[in-house]
Enquirer: 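Mind having a look at this structure? Questions to follow.
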Amino acid sequence: MALVIEHLGRRYGSRWAISDLSLVCESGMLGLVGPNGAGKTTLMRIIATLLPPTTGTVRWNGLDVGSGGQEIRARLGYLPQQFGVYPEFSARRFLRYLAAMKRLAWPRRNRRVDEVLELVNLEADADRRLSTYSGGMLQRVGIAQALLNDPDLLVADEPTAGLDPSERVRFRTLLAGLTANRLVILSTHIVTDVEAVAGRLVVMRAGTVLADTSPEALVAAAAGSVWALSVDAATAARLQATEMVSGMVADGPRVTVRLVTRTPPAGAWAVAPTLEDAYLLTVGSTQAAT
Amino acid sequence: MIQTLSVGGWELRRVLATRSTLLLAAGITAFFMALVAFKHQWLLPLDDRAHVLTVLYGSSPLGQVYEVVAVVMTFFGLLVPFLAADGVAREHRQRTHELVMTTAVPAWTLVAGRFVAVLAQTLTAALLALAGTLAAQLAVHATQPAFPTPDVRALLALWGLLVVPAGVLLAGVSFLAGTLAPRRGMVVKIGVVLVWIALAAVVDLTHQFGWYSYWSPAGNALLGVAGTAYVQAYMAIAGTTATADPGIALRAQEAMLDLRPWVLPHLGLVAIGLAGAAAAAAGFRRFRGLI
């Protein structure tokens with residue numbers, strides 16, 4: 001079970017959304033993070049056979065996403081960044097419809113729909129029209145449809161965007177439970193989502209891979225680059241404009257500023273980095289380099 | 001094939017689950033009923049005595065040609081693009097495109113299935129328009145006894161020959177344009193409607209092209225043929241009578257037109273409509289509208 005991406009490029013007009021990207025992914029969860037415009041959604045869409053690459057290849061178990069799209073889709077679960085539903089359908093009927101489109105044979109189709117509804121904890125509301133669902137419930141319908149065909153390759157693009165904290169935690173836990181015997185690619189710009197569930201982390205920026213490592217290794221690499229400093233409000237504002245600040249906590253007239261930098265200012269003391277700090281250091285240092 | 005029908009079946013279930021569908025169906029029936037009730041007779045001059053106007057009853061076999069071509073067809077043609085153009089393009093508007101396009105169903109099956117649903121909706125709309133027309137003609141007959149009982153056989157023949165082929169043609173063309181330009185749905189609909197209005201009510205190409213009399217999707221040439229047949233029948237019965245006689249008029253419009261010369265061309269229109277759907281399936285790309 002392997003997803004092999006080689007020298008992938010995708011151009012929109014004259015702009016390259018992805019350029020010369022190569023990755024090899026095996027079963028488990030891969031967290032894909034990066035700022036807006038990093039090319040995550042384009043990469044997800046190419047993997048999901050929705051977009052043809054401009055250059056390079058993407059192969060799932062040896063099948064090319066272009067020529068073998070049909071077979072890949074049979075084993076693919078995809079949750080797009082933004083998706084709609086048929087509001088006139090109930091969740092059960094909508095999932096039965098998509099199960100039919102995924103060519104699940106009847107009567108297995110109906111059993112599987114019941115299973116995924118239970119998995120995402122929607123059995124009680126399964127016969128309500130989707131027009132009455134909250135954002136979080138719709139997101140659960142989204143993950144349910146992605147699981148209908150028990151996919152080997154599950155691609156989730158920004159699945160936690162718009163969810164409240166408890167829904168996010170529930171969703172992450174659900175995804176984490178799905179990683180056995182399949183590759184789950186979780187794209188997000190919320191770094192803490194990846195930290196909680198992904199064993200491998202890929203940081204993207206401007207269509208290229210900046211780091212391909214584990215969350216722990218990324219955090220370890222940031223050791224000695226995160227600092228705290230107690231300053232007055234004016235200095236805090238100045239630091240915010242000139243340095244990479246990952247946090248500020250007001251404490252009376254003073255402000256404790258958390259800085260991500262390899263060259264600490266005088267008076268700063270080292271603190272343990274978080275994954276968010278490490279991510280900022282990775283993305284920010286490249287920004288400085290470019 | 002089974003997969004195509006499955007896609008079409010699911011699309012129809014979606015349409016039927018929409019609360020406004022029944023309202024729309026009732027609206028279509030009522031609209032055509034009102035239309036036919038409003039315009040149910042024509043005054044035609046006799047050839048060499050133009051001041052003598054005779055009444056062509058909309059429910060008579062010849063009058064139904066006028067009713068179907070001049071009234072029903074024109075408005076039915078305005079309706080079809082709105083039923084057909086969004087067959088696939090709706091997915092973009094509802095943002096379900098990516099979900100559906102990453103399923104295992106082949107793209108051409110999906111498009112063909114959607115056209116099956118579009119065709120079913122178009123034919124259902126044609127049936128509803130037929131029901132509205134017939135109901136209005138029965139109502140006119142009940143309130144104005146001078147009007148003959150509607151000739152159902154003649155009406156069905158005109159429906160099969162004119163309304164259904166025009167419906168399939170318009171559905172195919174609208175579906176093709178809507179599928180290939182999914183983000184231009186309203187432009188497609190308005191474009192097809194304008195072309196239809198031009199063909200049905202503004203431009204008469206029969207003077208430039210003789211063959212167009214048989215191929216006109218709106219069947220306009222039939223008006224001239226029916227009018228001539230009526231006046232000739234009237235003259236044959238009336239002889240030298242110079243006044244309009246309702247009894248003669250009624251007898252003169254009892255004979256149905258011989259529609260056989262239109263059968264093959266209108267089957268050709270059906271074929272063009274189906275070819276449009278096939279072209280939509282062949283030209284469809286999963287990523288169209290995403291880029």
Side-chain angles (χ1 to χ4, degrees), chain A residues 10-13 17 41-42 44-54 65-66 69-90 93-104 106 109 129-131 138 141-142 145-146 148-149 151 153 155 157, chain B residues 1-25 86-114 116-117 121 182-183 185 281 283-291:
Chain A
R10 172 72 215 188
R11 191 176 57 197
Y12 298 106
T41 294
T42 297
M44 300 287 101
R45 284 175 166 176
I46 292 173
I47 294 170
T49 77
L50 279 168
L51 274 181
T54 308
V65 289
Q70 193 66 33
E71 288 110 297
I72 292 175
R73 280 189 290 275
R75 303 304 311 143
L76 169 77
Y78 179 55
L79 177 59
Q81 184 175 3
Q82 290 183 315
F83 66 93
V85 293
Y86 298 149
E88 55 278 275
F89 272 179
S90 66
R93 182 164 273 208
F94 183 63
L95 290 173
R96 283 182 180 176
Y97 161 66
L98 286 172
M101 298 298 105
K102 287 173 186 262
R103 304 177 98 171
L104 265 66
W106 190 87
R109 184 192 301 166
R129 278 181 183 248
L130 289 168
S131 56
L138 287 175
V141 172
Q145 66 77 31
L148 277 170
N149 54 337
L153 174 59
V155 178
D157 190 5
Chain B
M1 188 63 184
I2 290 171
Q3 188 77 18
T4 301
L5 292 177
S6 168
V7 172
W10 273 104
E11 178 64 3
L12 287 175
R13 277 185 230 187
R14 192 195 62 72
V15 172
L16 287 173
T18 309
R19 285 191 172 129
S20 57
T21 296
L22 278 181
L23 204 63
L24 180 67
D86 287 341
V88 171
R90 183 184 299 110
E91 303 287 3
H92 289 278
R93 206 175 53 239
Q94 290 194 315
R95 296 188 298 153
T96 46
H97 179 81
E98 292 188 48
L99 292 186
V100 175
M101 291 304 143
T102 47
T103 61
V105 68
W108 69 268
T109 305
L110 183 88
V111 178
R114 289 296 164 85
V116 167
Q121 290 173 74
R183 303 273 184 202
F284 179 74
R285 297 288 175 268
R286 285 176 187 271
F287 52 85
R288 199 186 298 277
L290 279 179
I291 300 173

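A, B, ... follow the sequence lines: proteins, then strands. Residue 1 opens every chain.
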Enquirer: Flag the pair B/Leu99 / A/Met101 as yes when at least one side-chain heavy-atom distance between them is below 4.5 Å, and no otherwise.
Expert: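 Not in contact.
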Enquirer: Pick from A/Gln81, A/Arg45, A/Gln82: which one makes a side chain to side chain contact (heavy atoms under 4.5 Å, CB included) with B/Glu98?
Expert: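 Running side chain to side chain contact (heavy atoms under 4.5 Å, CB included) over A/Gln81, A/Arg45, A/Gln82 with B/Glu98 returns exactly one hit, A/Arg45.
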Enquirer: Tell me whether the count of non-hydrogen atoms from other residues, nucleotides or ligands lying under 6.0 Å of CG in B/Leu16 goes above 12.
Expert: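 Counting neighbours around CG of B/Leu16, more than 12 heavy atoms of other residues, nucleotides or ligands fall under 6.0 Å, so yes.
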Enquirer: Side chain, backbone, both or neither: which part of A/Arg93 has an atom under 4.5 Å from a heavy atom of chain B?
Expert: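 Both parts, heavy atoms under 4.5 Å.
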Enquirer: Do A/Glu88 and B/Arg14 touch side chain to side chain, with heavy atoms closer than 4.5 Å?
Expert: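 Yes - at least one pair of side-chain heavy atoms lies under 4.5 Å apart.
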Enquirer: Closest approach of B/Gln3 and A/Ala100, non-hydrogen atoms and distance?
Expert: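 That closest heavy-atom pairing would be NE2-O, 3.6 Å.
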Enquirer: Could you tell me which non-hydrogen atom of B/Trp10 sits nearest to which non-hydrogen atom of A/Tyr97, and how far apart they are?
Expert: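 What the structure gives for the nearest pair is CB-CD1, 3.4 Å.
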Enquirer: Mind ranking B/Thr109, B/Val7, B/Val100, B/Thr96 by heavy-atom pairs under 4.5 Å with chain A and telling me who comes out on top?
Expert: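 Of B/Thr109, B/Val7, B/Val100, B/Thr96, B/Thr96 has the most heavy-atom pairs under 4.5 Å with chain A.
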Enquirer: Ignoring hydrogens and angles, state whether a donor on the side chain of B/Glu91 or A/Tyr86 is under 3.5 Å from an acceptor on the partner side chain.
Expert: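 Per modelled atom types, B/Glu91 and A/Tyr86 side chains form a pair under 3.5 Å.
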Enquirer: What option among A/Arg96, A/Arg75, A/Glu71 has the most heavy-atom pairs under 4.5 Å with chain B?
Expert: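 Option with the top pair count is A/Arg96.
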Enquirer: Looking at chain A, which one of B/Thr103, B/Thr18, B/Val105 has the largest number of heavy-atom pairs inside 4.5 Å, strictly under?
Expert: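 Highest number of pairs under 4.5 Å: B/Thr103.
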Enquirer: Check whether any side-chain heavy atom of A/Arg73 sits under 4.5 Å from a side-chain heavy atom of B/Pro106, and report yes or no.
Expert: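 The answer is no; the side chains never approach within 4.5 Å.
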Enquirer: Can you tell which of A/Pro80, A/Gly69, A/Ala74 has the highest number of heavy-atom pairs within less than 4.5 Å of chain B?
Expert: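 Most pairs with chain B among the choices: A/Pro80.
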Enquirer: Measure distances from B/Arg90 to the heavy atoms of chain A and classify the residue's part below 4.5 Å as side chain, backbone, both or neither.
Expert: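 The answer is neither part of B/Arg90.
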